[in-house]
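Protein chains get the first letters and strands the later ones, always in sequence-line order, with residue 1 at the start of each. Being a predicted model, the structure only gives us computed values, none of them experimental.
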Number of protein chains: 2
Amino acid sequence: MYGSVDNMNDHQILATAKLRATTQRLAMLKEMRKIHGPFTVERLHKMCRSMDVVTVYRNIKSLVAVGVMREVRLKDASLRYEFSPGEETHHHHAVCNSCGYIEELSECKMHSLFSQQTSKKFKSIDEHVLEFFGTCNSCSKK
Amino acid sequence: MYGSVDNMNDHQILATAKLRATTQRLAMLKEMRKIHGPFTVERLHKMCRSMDVVTVYRNIKSLVAVGVMREVRLKDASLRYEFSPGEETHHHHAVCNSCGYIEELSECKMHSLFSQQTSKKFKSIDEHVLEFFGTCNSCSKK
DNA sequence: TTTTAATTGCAAGTCACTTGCATGTATGGT
DNA sequence: ACCATACATGCAAGTGACTTGCAATTAAAA
């Protein structure tokens with residue numbers, strides 16, 4: 001539906017999503033591009049201090065609604081967000097329980113597991129969550 | 001550490017966990033045994049109306065702390081709980097996006113995927129989350 | 001430009017818990 | 001069986017992460 005975020009500028013993304021190119025949205029997109037990995041609204045708002053948190057919440061929600069971004073639930077209370085990857089780059093995360101370091105894992109090899117893991121009581125599976133939690137190398141040295 | 005919940009009575013579970021056998025805890029354990037699949041505190045409290053929700057929250061937390069129960073995060077805002085399965089019965093869930101039906105999947109076949117999916121930047125992975133979301137058979141007929 | 005519908009900011013509200021504290025009670029010692 | 005006390009409970013209030021209402025702005029269509 002959308003070209004990858006990588007080959008579209010922020011105005012194009014908003015236009016395609018039928019969202020107005022406001023100062024706030026453009027600032028948010030600019031800052032989000034600087035972040036690696038799934039971020040919290042709190043973190044993004046720290047980078048966009050000029051606008052209200054509510055605006056950050058609402059705009060992120062709009063971007064999720066149109067498919068530009070996706071929501072990720074890791075262990076903590078806050079939801080996290082990241083640019084929605086296309087099917088071919090669908091991926092998961094490994095989270096360090098000690099320092100919170102989040103790594104994006106290269107590729108999703110889950111499809112073959114669907115039929116094995118899923119029961120006969122389901123007509124279709126259209127989503128799944130797979131996250132790993134452990135200790136990263138640098139934390140294991142401390 | 002603990003015998004399976006199946007072959008211990010509620011007094012034994014609490015004794016082993018060094019938790020006092022209060023009226024509330026015994027009532028909670030009794031009701032929890034009637035529930036299939038991961039439940040919310042709200043649901044359990046509806047079955048234990050005689051006590052305060054705070055007590056339900058606190059006791060569930062204690063049971064998680066001693067390993068009798070485990071926390072499961074599905075898509076909704078509330079945490080869910082279920083009796084902590086032993087290693088050999090570690091499992092995941094399939095959730096119907098339409099009616100909320102939750103099925104426990106028979107067995108976890110994830111271990112072989114750990115090394116494939118996880119990066120070289122992690123010393124160890126000691127936990128993972130795998131949940132499927134889709135439409136169950138009966139909802140697909142509606 | 002002018003119009004107008006989308007967007008924003010501020011304040012207030014909600015939901016799912018969590019904490020403080022005074023009262024109550026299970027259990028270990030006598 | 002009784003007492004002492006550390007653990008539990010209930011009620012009220014607090015917190016964190018959002019969500020909603022509404023009047024004031026502002027992007028963009030006319």
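- A salt bridge (charged side-chain N to carboxylate O under 4.0 Å, His left out) check over residues 63-74 of chain B, counting only residues at least two apart or in different chains, returns the pairs B:Arg70-B:Glu82.
- Annotation: side chain to side chain donor-acceptor pair (under 3.5 Å) contacts of A:Arg58 (sequence neighbours excluded): none.
- Put simply, chain B comes within 4.0 Å of DNA chain D, heavy atom to any atom, from D:dA6 to D:dA12, going 5' to 3'.
- Qualifying side chain to side chain donor-acceptor pair (under 3.5 Å) partners for A:Lys46, counting only residues two or more places apart in sequence or in other chains: none.
- When the shell of 6.0 Å around CD of A:Gln12 is examined, it contains more than 12 heavy atoms from other residues, nucleotides or ligands.
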Each nucleotide in nucleotides 24-30 of chain C should get exactly one letter: B, S or -. Can you fill that in based on protein heavy atoms under 4.0 Å? -BBS---

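- Not counting sequence neighbours, the partners of B:Thr55 by the side-chain contact (heavy atoms from CB on, under 4.5 Å) test are B:Gln24, B:Met51, B:Asp52, B:Asn59.
- Taking B:Lys61 as the reference, nothing meets the side-chain contact (heavy atoms from CB on, under 4.5 Å) condition, with sequence neighbours excluded.
- A:Ala77 is linked by a side-chain contact (heavy atoms from CB on, under 4.5 Å) to nothing, counting only residues two or more places apart in sequence or in another chain.
- Contacts with DNA chain C (heavy atom under 4.0 Å) in residues 38-60 of chain B: B:Val54, B:Tyr57, B:Arg58, listed by number.
- Taking atom CG of A:Asp76 as the reference point, atom P of C:dC17 lies 15 Å away to the nearest angstrom.
- Residues that satisfy the side-chain contact (heavy atoms from CB on, under 4.5 Å) test with B:Tyr57, not counting sequence neighbours, are B:Val41, B:Val53.
- In this entry the distance linking CG of A:Leu29 with C1' of C:dT7 reads 15 Å, nearest Å.
- Under the side-chain hydrogen bond (donor to acceptor under 3.5 Å, both in side chains) criterion, the residue pairs touching residues 26-35 of chain B are B:Asp10-B:Arg33, B:Glu31-B:Lys34, with sequence neighbours excluded.
- Take B:His93 and apply the ring pair (Phe, Tyr, Trp, His ring centres under 6.0 Å) test, not counting sequence neighbours, and it matches B:His91.
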